[in-house]
Novice: 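Below are the structure tokens for one structure; questions will follow.
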Amino acid sequence: MDFRLPVGQWVEGFVEILTDTLQPVFDVLRAIFLGLYDVVNLVLVSPPFWIIILAFAVLGFFAKGWKLAVGIVVGFGLIVAVDQWDNAMDSLSLVLVASVIAVLVSVPLGILGASSGTASRILRPILDFLQTMPAFVYLIPALILFRVGVVPGIVATILFALAPGVRLTELGIRGVDKEVVEAGHAFGSSPFRILRQIQLPLAMPSIMAGVNQVIMLSLSMVVIAGMVGAGGLGGDVVASLNRIDIGLGFEAGLSVVILAIVLDRLTASLGTRTKRISKTDVPAIAADAASVSQKDEQATARAPQGAPA
Amino acid sequence: MPLLLRALGENVTNTVAVEVNNVYKVFGKRPRDVVKRLKAGATRNELSSQGTAAVIDASFEVRKGEIFVVMGLSGSGKSTLIRMLNGLLEPTSGSVAVYGSPVSGIPAKQLREVRRSKISMVFQHFALLPHRTVLDNAAYALEVQGVPVAERRERAQKVVSRVGLAGWENKLPGELSGGMQQRVGLARALAADTDVLLMDEAFSALDPLIRREMQEQLVDLQHELGKTIIFITHDLNEAMFLGDRIAVMRDGRVVQVGTPDEILTDPANDYVAQFVQDVDRARVLTAASVMEPARSVVSGSAGPRAALRSMRDLQTSAAFVVGNGRKLLGVVHDRDLLKHVKAGNPDLMAIVRNDPATVGPDQYLVDLFEPAAESQLPVAVVDDKGRLLGAIPRVTLLAALANVPTTTGENQVIETPATVAVEIITQTLRETAGLTDETEAPKVTTADEGSAAREGSLA
Ligand SMILES: Nc1ncnc2c1ncn2[C@@H]1O[C@H](COP(=O)(O)OP(=O)(O)OP(=O)(O)O)[C@@H](O)[C@H]1O
Ligand SMILES: [Mg+2]
């Protein structure tokens, strides 16, 4: 039997229709993505490498302490030492642009999924599809729609990295203590206020884990993006593959690993950090600055008798 | 020990705060069909495959200033019921209104307005915002109401102090013990300044001592602020302690609504009776609910001879002496009376002792043990104007605690056995006939035939 479902042809036809009718839209998108990439890239590439390293080290210090700061200096120093710095910054630009957009898309989608069962049921198979479809496959239509260069890389990366952001946001919001949400309703809060003041803050650790995952997946796409001319570390990996150049391949690969570890450690601390921020922020808003210290004294003085429980 | 004295329902007014009419709530695929069939007489179990009938045909009114307790076993539908009162759940059928404003079947915006202005809630597991300080949690309802920052902080501060958390304002809930967290929950609801307060097992997550303390504080607060409180619990003692009225739920139905006394002494069915059998009755039953008509009573205006005669008839050694309007004047003892009559003294009041053990009608039985132990006579129950309402013999007290009926009928046991033989009294009366009062004032006693078992050999 030679019956065959022409799914491939359908998709081809679909992409053709897209190019025919929506090309102007894709051109605008391309311009936007390219513009974003160029801005980020300019910031990362134009200063001398040690300023960027220093900036990351400071970030690391505030995020996690001196250990991470030292780690960043050593790791990034290694990248410079193997002469992959410019490539690394190109890749980092791509990752940053792609993950920011992916987060901007996935968090609202996650909220939507959490707020409606129907939306969740529709989203789930789409996310499964996006996450499991081999990443290369996105490149082909992306190439046609956005032409060679960094943009198809960004688009393919966004599509591939979207899923964990949506899932973890939805999971986080659904996991917020039902009673606390109920309390919001019981005191007459609007759904938006409940989202803003209760669901999002309480789901933050999970959402941040999602952001972390989005960034990690973006990085893993770097190499694949290299195949469509996105350059960066991926470009060198692809080149070394073509030339069977073990040395170059290893150096570029090692730089990807270092970038990945640094980004992971920096973003992994985000989820836990948000808690600490709110803790220190609240007393600051609590009262006019003058009475704060005095209040604290009272607080400690009265604490024992105020604790009948 | 502290008096558990609480004038029952002294805050309760006649205004209806919450009105629940024929409310049903069914969870499941086709809730309306299930309600239709329930109305047609089907039982809950028959329909269990089509949906859970969590609340079935509930109707009651809660009055302003009342503590209305909903009690029942786990799964009886208490939480479902209370969640319909503020619209967290929509009734499948029936209506709910708070101060005349409907809560069911109204647009979301209007519902939010009702919640902001009329009804707030305290949750079993506190449901505080963990990322906000105690003060900001307490101010949450005001924030939602749109009260400006400075004012809401000030108002929240007051309530936080009122619940005993002054000094803890800037702590996060996670840094507080369970009892203190629930105080924050209470403060948040009180700060909202709504009249109606819903409390779903608000104290169940606390350990017993803290729980007792919170219950007492709640009663205090209720006295002070006159809130209308709807309180859910599966703890009978809690229900009895807090409730002005109690609704008992079983399998989704409200099987009885009544005062704690009514529930205890007159359970609507075996289920309620079984439910209440473990209660600490001494802390629930009041003097008024167990007292009996006082039998050995003589009138202060009657002469000693009349008094002596009625005491002989009752075979009792002592009797209450009442004045105008049954005002309790004191006690007379048969020996004193006998001497008095022999001496021909016409003034009964001269030998009346002013030492009867008295209690108020709202006092709990636990407060009666001491007076009952010290007194020869039954403990007298008098109202705030000093009028004799009834008496509680020791037998009655014990019977009430043991939950056995005290009516024995045929057995006319005397209250306190006479210390003077009947013949002597009779002879004395004969000897002194004509000397003193001959007017034979009718005795005031209202000895209902067979009203109660009397204290006999126990005394
Ligand atoms: N959202 C829901 N969906 C389906 N069934 C529910 C839902 N909420 C409650 N029920 C069912 O309704 C019945 C009553 O539940 P409810 O929570 O009102 O009981 P409760 O008296 O508060 O019990 P507890 O003392 O355990 O809190 C139970 O059989 C429960 O399984
Ligand atoms: Mg419950």
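In what follows, chains are A, B, ... by sequence order, proteins preceding strands, each numbered from 1. Every heavy atom of this structure was used, including side-chain atoms; hydrogens, water molecules and symmetry mates were not.
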Novice: Enter the distance from B:L111:CG to A:H185:NE2 here, rounded to the nearest 0.5 Å.
Specialist: 10.0 Å
Novice: Let me know if B:I119 has heavy atoms under 4.5 Å from chain A in its side chain, its backbone, both or neither.
Specialist: backbone
Novice: Check A:L202 against B:P130 and note the closest heavy-atom contact, atom names and distance.
Specialist: CD2-CG, 3.3 Å
Novice: Side-chain contact test, heavy atoms from C-beta onward, threshold under 4.5 Å: evaluate it for A:E182 versus B:R83 and give yes or no.
Specialist: yes
Novice: Are A:S189 and B:R112 packed together at the side-chain level, in the sense that at least one heavy-atom pair is separated by less than 4.5 angstrom?
Specialist: no
Novice: Please determine, among B:R188, B:Q145, B:Q124, B:K109, the option with the most heavy-atom pairs under 4.5 Å with chain A.
Specialist: B:R188
Novice: Please flag which part of B:F126 lies under 4.5 Å from any non-hydrogen atom of chain A: side chain, backbone, both or neither.
Specialist: backbone
Novice: What closest approach, in Å, do A:A186 and B:M121 show between heavy atoms, and which atom pair accounts for it?
Specialist: CB-CB, 4.1 Å
Novice: Counting only heavy atoms not in B:R32, do more than 12 fall under 6.0 Å of its CZ?
Specialist: no
Novice: Which value, rounded to the nearest 0.5 Å, describes the distance between B:H131 atom NE2 and A:Q197 atom CD?
Specialist: 7.5 Å
Novice: Please say whether more than 12 non-hydrogen atoms of neighbouring residues, nucleotides or ligands are located less than 6.0 Å from CZ in A:F129.
Specialist: no
Novice: Report yes if the side chains of B:E143 and A:F187 come closer than 4.5 Å at any heavy-atom pair, otherwise no.
Specialist: no
Novice: Are any of the side-chain heavy atoms of A:V180 and B:L128 separated by less than 4.5 Å?
Specialist: no
Novice: Does anything in residues 97-123 of chain A form a side-chain hydrogen bond (donor to acceptor under 3.5 Å, both in side chains)? List the pairs, not counting sequence neighbours.
Specialist: A:S120-A:R124, A:S120-A:E170
Novice: Can you tell me how far apart CZ (A:R193) and OH (B:Y140) are? Round to the nearest 0.5 Å.
Specialist: 6.5 Å
Novice: So what's closer than 4.5 Å to chain A heavy atoms on B:L206: side chain, backbone, both or neither?
Specialist: neither
Novice: Taking ring pair (Phe, Tyr, Trp, His ring centres under 6.0 Å) as the definition, give me every residue that meets it alongside B:F68, ordered by chain and number, with sequence neighbours left out.
Specialist: B:F60
